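One structure is given below, encoded as structure tokens.
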Amino acid sequence: MQTSGDVAPAVQVPAAGRLGGVALMLGSGLSNQVGASVAALAFPVIGPLGVVAVRQWVAAAVLCGAGRPRMRSFTAAQWRPVLALAAVFAAMNLSLYTAVDRIGLGLAVTLEFLGPLAVALIGSRRRTDVLCALAVAAAVVVLTRPEPSTDYPGIGLALLAAACWACYIALNRVVGGRLPGLQGPAAAAAVSGAAYLPAGALALWWHPPTVTALACAVTAGILSSAVPFLSDLLTLRRVPPHFFGVFMSVNPVFAALVGLVVLDQRLDAAAWTATFVIVAANATAVGTGARKASPTAPPGGETVPHG
């Protein structure tokens, strides 16, 4: 899981540690997007639902191993946000991967990043954030402009993933306040993984996986869940949360580049321009807003492995 504000960043980290943090962030971002592209290779065989199910099972195993949630001792007040977070996990990854299947990795991830960006902008009255919001609105118009090949259901699914990511940020703060460490996200991942057992089993029954497709799905789970989760835990000990949030903003660019190299998915010049505008707006909003926010809850800094 790309992670959360539960881990307090170290202060006064030596320059070598900062460089190590940058390297970890670069590796985490690339791993996440390469994982999504590898997942897309399995779509023709087992479909997005089958791939997401396998990925959810991998994520549940990784997070439960790391967080070791004591679910039997959870109270009703703790279970409510955990169950809501589990539903968000399930909807977010399925909507994103289905969008990737329909509109491509670069466009899907760019639209998905509107979720944390909206969280960073909502309620702000700063002139900088207003300008960021206007720039993003123009970029979204460019990305979704009507064309003969425009896939509106795919765009809608990417925007649903964005809404889920925004909900995840809000829920993660509630869960973090009611459960220590990673117990909340781990329990949510376990519930989400369990919920995918019947649907995933049916998907794999209807579309029998080849060894290659199954390997791609498992690899996607590792690259998009285990590697970013561990990398981000180490990163947040080396760099400030707002710097982590700003660097995360380049993920749409990583997604577009990986989609081009691995999947031969090409964006036109207008789409590339709009992507860079959204990246710049996200970096500006997170970078300037986080300096005024609590260090345990950086805007846009709570993320999840989903694409």
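Reckoned from all heavy atoms, side chains included, excluding hydrogens, waters and symmetry mates. Computed from a predicted structure; not experimentally measured.
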Mind checking the [atom1]-[atom2] spacing from [X] to [Y]? Nearest 0.5 Å is all I need.
X      : Y      : atom1 : atom2 : value
Leu131 : Arg126 : CG    : CZ    : 11.0 Å
Ile278 : Leu114 : CD1   : CG    : 5.0 Å
Ser37  : Leu260 : OG    : CG    : 11.5 Å
Cys132 : Leu117 : SG    : CG    : 7.5 Å
Ser224 : Asn93  : OG    : CG    : 9.0 Å
Cys164 : Leu96  : SG    : CG    : 10.0 Å

Closest non-hydrogen atom pair between [X] and [Y], with its separation:
X      : Y      : value
Ala39  : Val51  : CB-CG1, 3.6 Å
Met248 : Trp165 : CE-CZ2, 3.9 Å
Pro81  : Leu171 : O-CD2, 4.4 Å
Ala42  : Cys216 : CB-CB, 3.9 Å
Leu105 : Gly259 : CD2-N, 4.0 Å
Leu121 : Ala285 : CD2-CB, 3.8 Å

Can you name the side chain to side chain contact (heavy atoms under 4.5 Å, CB included) partners of [X], sequence neighbours left out?
X      : value
Ala163 : none
Leu267 : Ala256, Ala271, Trp272, Thr275
Trp206 : Leu202
Ile222 : Val58, Val218, Ala226, Val227

Quick check: does any side chain N or O of Gln78 sit under 3.5 Å from a backbone N or O of Thr75, one acting as donor and the other as acceptor?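 Between the backbone of Thr75 and the side chain of Gln78 there is a qualifying donor-acceptor contact (under 3.5 Å).
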Keeping the roles fixed (side chain from Thr284, backbone from Ala280), state whether a donor-acceptor pair exists under 3.5 Å.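 Such a contact is found between Thr284 side chain and Ala280 backbone.
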With sequence neighbours excluded, give me every salt bridge (Lys or Arg N to Asp or Glu O under 4.0 Å) pair touching residues 97-106.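 Pairs touching residues 97-106 that pass the test: Arg102-Asp151.
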In terms of hydrophobic clustering (I, L, V, M, F, W, Y; side-chain heavy atoms under 4.5 Å; direct or indirect links), are [X] and [Y] co-clustered?
X      : Y      : value
Tyr97  : Leu41  : yes
Val174 : Phe89  : no
Leu143 : Ile155 : yes
Leu157 : Val100 : no
Val109 : Leu160 : no

Hey, what else clusters with Val130 if you join Ile, Leu, Val, Met, Phe, Trp, Tyr whenever side-chain heavy atoms sit under 4.5 Å? Leu134
4.5 Å side-chain heavy-atom contact, [X] and [Y]:
X      : Y      : answer
Trp57  : Leu197 : yes
Tyr196 : Leu94  : yes
Thr150 : Ile103 : no

Would you tabulate the side-chain donor-acceptor contacts of residues 178-190 under 3.5 Å, counting partners in other chains and residues two or more places apart, or write 'none'?
{"from": "Arg178", "atom 1": "NH1", "to": "Ala77", "atom 2": "O", "distance (Å)": "2.6"}
{"from": "Gln183", "atom 1": "OE1", "to": "Arg70", "atom 2": "N", "distance (Å)": "3.0"}

ring-ring contact (aromatic ring centres under 6.0 Å, His included) with Phe254: which residues, sequence neighbours excluded?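 For Phe254 there are no ring-ring contact (aromatic ring centres under 6.0 Å, His included) partners, ignoring immediate neighbours.
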Those residues that, when tested against Tyr152, pass ring-ring contact (aromatic ring centres under 6.0 Å, His included) (two or more places apart): none
Can you sort out the partners of [X] under side-chain hydrogen bond (donor to acceptor under 3.5 Å, both in side chains), two or more places apart, ordered by chain and number?
X      : answer
Ser249 : Asn282
Ser95  : none
Arg145 : Glu147, Asp268

Are any of the side-chain nitrogens in Asp264 or Arg266 under 4.0 Å away from the carboxylate oxygens of its partner? yes
